[in-house]
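Reading through the structure tokens given below for one structure.
Here, residue 1 is the first one in the sequence, and each next residue gets the next number. Heavy-atom basis, side chains included; hydrogens, waters and symmetry copies ignored.
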Amino acid sequence: QIQLAESGGGSVETGGSLRLSCAASGPNYSRICMAWFRQGPGKERERVASIFTGDGTTDYVDSVKGRFTISQDNAQNTLYLQMNSLKPEDTAQYFCAASGPRSGLLCSRTYTYTFWGQGTQVTVSS
């Protein structure tokens, strides 16, 4: 199974930037969905951004479009989330997730994701 380990969280002020990393190990599937989810205090977990490794297609939740960028480094088996112009409402535990081999059409569905990291905390102060 795929194992995932996030890093890069921390505390920043409004307008600041952070880059999250997710190191993946295990089977090297070529066509899977990978995503970043977040769960804020008292909120449900939501998918922030996803990428289909088969063709690099990305998708974002509306609230982060233009501010966050998801990317992958296949050589390093690492997923990234560059977060710019951070807002207090971005405060959450951020999780990396991956599926098994899938159609890219399923990357927007939470049930697609089988493997999860432990999470990293992002706190944005006003």
Side-chain angles (χ1 to χ4, degrees):
Q1 62 181 27
I2 297 173
Q3 281 133 8
L4 304 169
E6 304 96 336
S7 60
S11 298
V12 296
E13 294 184 346
T14 297
S17 297
L18 283 173
R19 188 176 80 156
L20 305 182
S21 299
C22 173
S25 59
N28 191 15
Y29 299 121
S30 61
R31 298 174 63 85
I32 65 171
C33 299
M34 297 194 75
W36 289 96
F37 286 75
R38 67 185 179 187
Q39 187 166 16
K43 297 182 180 179
E44 293 187 356
R45 187 174 295 191
E46 69 169 345
R47 182 182 58 89
V48 174
S50 58
I51 187 168
F52 180 57
T53 65
D55 61 10
T57 299
T58 59
D59 185 54
Y60 299 88
V61 67
D62 285 347
S63 60
V64 307
K65 284 180 180 177
R67 300 190 298 123
F68 290 12
T69 302
I70 188 171
S71 62
Q72 58 179 332
D73 181 335
N74 290 331
Q76 299 294 325
N77 289 331
T78 303
L79 182 73
Y80 299 102
L81 185 68
Q82 178 67 43
M83 305 186 294
N84 298 328
S85 302
L86 283 160
K87 304 175 181 180
E89 50 264 44
D90 295 318
T91 294
Q93 187 84 351
Y94 282 72
F95 299 88
C96 175
S99 71
R102 291 286 187 277
S103 163
L105 297 175
L106 296 176
C107 292
S108 63
R109 310 297 178 92
T110 300
Y111 65 73
T112 289
Y113 298 92
T114 307
F115 309 107
W116 294 82
Q118 294 300 307
T120 185
Q121 178 67 34
V122 171
T123 302
V124 185
S125 58
S126 57

Original post:
Between Phe115 and Gln1, is any pair of side-chain heavy atoms under 4.5 Å apart?
Top reply: yes
Subject >> Partner residues of Arg47 under the side chain to side chain donor-acceptor pair (under 3.5 Å) criterion, sequence neighbours left out >> reply: Ser50, Asp59
Original post:
Measuring from Ser21:OG to Leu81:CG, what's the distance to the nearest 0.5 Å?
Top reply: 9.5 Å
Original post:
Tell me the salt bridge (Lys or Arg N to Asp or Glu O under 4.0 Å) pairs involving residues 12-35, sequence neighbours left out?
Top reply: none
**OP:** Provide the full list of disulfide bond (SG atoms under 2.5 Å apart) pairs with a residue in residues 45-120, sequence neighbours left out, each pair given once.
**Re:** Cys22-Cys96, Cys33-Cys107
Let me have the donor-acceptor pairs involving side chains of residues 119-126, under 3.5 Å, with sequence neighbours excluded, atom names and distances please.
unit_1, atom_1, unit_2, atom_2, d
Thr120, OG1, Gly9, N, 3.2
Gln121, NE2, Ala92, O, 3.4
Gln121, NE2, Thr123, OG1, 3.4
Ser125, OG, Val12, O, 3.4

Original post:
Among all residues two or more places apart in sequence or in another chain, which pass the side-chain contact (heavy atoms from CB on, under 4.5 Å) test with Pro27?
Top reply: Ile2, Tyr29
**OP:** Give the minimum heavy-atom separation between Leu86 and Leu18, together with the two atoms involved.
**Re:** CD1-N, 3.9 Å
Original post:
What distance separates Gln3 CD from Gln118 CD, expressed to the nearest 0.5 Å?
Top reply: 11.0 Å
Subject >> Inter-residue atom distance Thr53.OG1 - Asn77.CG, 0.5 Å rounding >> reply: 10.5 Å
Subject >> Contacts of Asp62 that satisfy salt bridge (charged side-chain N to carboxylate O under 4.0 Å, His left out) - sequence neighbours left out >> reply: Lys65
**OP:** Look up atom CG in Leu79 and atom CE in Met34, then write down how far apart they are to the nearest 0.5 Å.
**Re:** 4.5 Å
Original post:
Given a cutoff of under 4.5 Å between side-chain heavy atoms of I, L, V, M, F, W and Y, with clusters grown through shared members, what are the other residues clustered with Tyr111?
Top reply: Leu106
Original post:
Which pair of non-hydrogen atoms, one from Gln39 and one from Glu44, has the smallest distance, and what is that distance?
Top reply: CG-C, 4.1 Å
Subject >> Spacing of CE belonging to Met83 relative to CZ belonging to Arg38, to within rounding of 0.5 Å >> reply: 9.0 Å
Subject >> Pairing residues for Ser99 by the side chain to side chain donor-acceptor pair (under 3.5 Å) criterion, not counting sequence neighbours >> reply: none
Subject >> Point-to-point distance, once rounded to the nearest 0.5 Å, from CD of Gln82 to CG of Leu20 >> reply: 9.0 Å
Original post:
Which ring-ring contact (aromatic ring centres under 6.0 Å, His included) pairs, counting each pair once, include a residue from residues 51-84, with sequence neighbours left out?
Top reply: none
**OP:** Not counting sequence neighbours, which residues clear side chain to side chain donor-acceptor pair (under 3.5 Å) with Ser17? List them please.
**Re:** Asn84
Subject >> Within residues 67-79 or reaching into it, pairs that qualify as salt bridge (Lys or Arg N to Asp or Glu O under 4.0 Å) - sequence neighbours excluded >> reply: Arg67-Asp90
Subject >> Shared-cluster residues of Phe95, by chain and number - hydrophobic side chains joined below 4.5 Å >> reply: Phe37, Tyr113, Trp116
